[in-house]
2 protein chains.
Amino acid sequence: MPLPSSTVENYLKTIYKAQAAQRDHGRLVPMGHLAQALNVVPGTATTMVKALAESGLVHYEPYAGVRLTPAGEKLAALVLRRHRLIELFLVKVLGMSWAEVHDEAERLEHAASDKLIDRIDNMLGRPATDPHGDPIPDSSGSMVVRDYQTLLTCPLGTPVVLTRVTDQDAAFLRFLEGNSLKPGQKLRIEARDDAADQVVVRGKRDAKITIGMRAAAKLQVAPAEPEG
Amino acid sequence: MPLPSSTVENYLKTIYKAQAAQRDHGRLVPMGHLAQALNVVPGTATTMVKALAESGLVHYEPYAGVRLTPAGEKLAALVLRRHRLIELFLVKVLGMSWAEVHDEAERLEHAASDKLIDRIDNMLGRPATDPHGDPIPDSSGSMVVRDYQTLLTCPLGTPVVLTRVTDQDAAFLRFLEGNSLKPGQKLRIEARDDAADQVVVRGKRDAKITIGMRAAAKLQVAPAEPEG
DNA sequence: GCCCGGGTTTTGAGTGGTCAAAAAACAAAG
DNA sequence: CTTTGTTTTTTGACCACTCAAAACCCGGGC
Ligand SMILES: [Mn+2]
Ligand SMILES: [Mn+2]
Ligand SMILES: [Mn+2]
Ligand SMILES: [Mn+2]
């Protein structure tokens, strides 16, 4: 059992995230989705997945799709852990923008040793989430998955706090940053208009921000704690 | 011109270091040395070097050896820059031991972007040398190479300062650390005995340290500045 | 000049990862 | 059912990198 190549790690991570994205826990991830997410041609994904199945990391059902085995799931979670701790480290310690850390972490996640990752984890105070609000698995590979509302589904008027952004696109993140829409920010939904494809929110210093519904769906929120 | 793979980067870096190690600037590095340093079989090195020559990174002379072209030299220097800045960063910012940072940097050097490296360089105050005293090339790929004496060649009795350690072996580095033999340390050679394979030095708090001559040759020193 | 030995190159093969294009399977609709 | 369109798999090929082993070159020694 040689250490998994970065290709293998990327496949596992992608399956993991696809699995998490579909509500139904035990469903199979279709080959097409996997290929597209990994930017390879479908035949490549098929070949690779068969190899992963051979080494016991995934369960593969021809013409149906793929799902991680417990072994694969643990490995994937550890890659995700490395990725997210590195992102947070780059932001907190090196002062990089949350818009650019994703690409950097995409490569570093395969090169950083567990020893280094633990050191980073420690220095950051064992954080629970990364700069985008994504949960960070612990060193055993388990993590707390909370089920948030989005700016599309949460109640109007009541104060909420932005907890997670589910899109790593740099331009999108820069836009959000420019409007102070980062995790931790308190918000209140003013209005939603399906026909106009608009969601209007009040943010920092009561500034009014209008975004489209596809963007709104990428912003997850929790009920704001009534504090001090 | 796709970015060089980490394999290519390792070949270039190894040729660079071999070239630097032989006094004669323009001599060719023999294939055997290269293969051994890279832990590959000689035939592999030959094949690879021919490919490097094809892309203009090295000059290759069959049965004679290989030398970097200006393009190859610049690329190699930048890999070295990444490696050494990462090492220093791991020691200074993350508190890792100078004995373990080499292996970590060996992988990270291929994954870190120039943007990240510049940030690290900045945070460290544009340092001139890494934790082992190796010079750090600037972002254009040039660096100051100074010619030091070693504990084997320097004059007896006169105070010197340890400037560089030319062996990355973790056990050796731990031994040195245990005896406070790190760059910056002031020393004075007490005695040298060829027959007994011994070099005796006075170090921190006048502690007496005796090391073998092969080890002594790996410790480079400069005349100590007489400072207040 | 010839041979010998150490270093070097060639050859043939294998692994991991990928694509293009043809073939096969499936789902959905008539 | 049968047809149609989409998804998936198969096939054949290729590239980067590697090794084992055979063939080769070349600088001494005789
Ligand atoms: Mn990755
Ligand atoms: Mn993230
Ligand atoms: Mn390396
Ligand atoms: Mn070093």
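None of the values given here were measured: they were computed from a predicted structure. Chain identifiers are assigned alphabetically (A, B, ...) following the order of the sequence lines, protein sequences preceding nucleic acid strands; residue numbering begins at 1 within each chain.
Chain B approaches DNA chain D over the interval D/dC17 to D/dC25, counting the first and last nucleotide 5' to 3' with an atom under 4.0 Å from its heavy atoms.
Looking at residues 12-22 of chain A, you'll see that no heavy atom sits under 4.0 Å from any atom of DNA chain C.
Using a distance-only test at 3.5 Å, with no hydrogens or angles considered, a donor-acceptor pair links the side chain of A/Thr166 to the main chain of A/Lys218. The closest donor-acceptor contact from the side chain of B/Ser6 to the backbone of B/His110 lies at 3.5 Å or more, if one exists at all. Judged by distance alone, the side chain of B/Arg67 and the main-chain N or O of B/Gln19 form no donor-acceptor pair under 3.5 Å. Checking side-chain atoms of B/Thr69 against main-chain N and O of B/Gly56 turns up a donor-acceptor pair under 3.5 Å.
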* Structure fact -> Going 5' to 3' through nucleotides 6-25 of chain C and flagging B where a protein heavy-atom sits under 4.0 Å of the base, S where only the sugar-phosphate is that close, and - otherwise, we get --SBB------SSB-----S
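A salt bridge between B/Arg82 and B/Glu9 is present, with a side-chain N of the basic residue lying under 4.0 Å from a carboxylate O of the acidic one.
Applying the side-chain contact (heavy atoms from CB on, under 4.5 Å) test to B/Asp169 and every residue at least two apart in sequence or in another chain returns B/Asp167, B/Ala171, B/Phe172.
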Please tabulate, for side-chain N and O atoms in residues 97-105 of chain B, each donor-acceptor pair with protein atoms closer than 3.5 Å (sequence neighbours left out).
from	atom 1	to	atom 2	distance (Å)
B/Ser97	OG	B/Ala99	N	2.9
B/Trp98	NE1	B/Leu173	O	3.2
B/Glu100	OE1	A/Lys115	NZ	3.1
B/Glu100	OE2	B/Ser97	N	3.3
B/His102	ND1	B/His83	NE2	3.1
B/His102	ND1	B/Glu87	OE2	3.2
B/His102	NE2	B/Glu106	OE1	3.3
B/Glu104	OE1	A/Ser113	OG	2.6
B/Glu104	OE2	A/Ser113	N	2.8
B/Glu104	OE2	A/Ser113	OG	3.2
B/Glu104	OE2	B/Arg107	NH2	3.3

Side-chain donor-acceptor distances from residues 133-140 of chain A under 3.5 Å, at least two apart:
from	atom 1	to	atom 2	distance (Å)
A/Asp134	OD1	A/Arg164	NE	2.8
A/Asp134	OD1	A/Arg164	NH2	3.1
A/Asp134	OD2	A/Gln168	NE2	3.4
A/Asp138	OD1	A/Ser140	N	2.8
A/Asp138	OD1	A/Ser140	OG	2.7
A/Asp138	OD1	A/Gly141	N	3.1
A/Asp138	OD1	A/Ser142	N	3.3
A/Asp138	OD1	A/Ser142	OG	3.4
A/Asp138	OD2	A/Ser142	OG	3.2
A/Ser140	OG	A/Ser142	OG	3.3

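More than 12 heavy atoms of other shown residues, nucleotides or ligands fall within 6.0 angstrom of atom CD in B/Glu177.
Rounded to the nearest 0.5 angstrom, B/Leu152 CG and B/Leu219 CG are separated by 10.0 Å.
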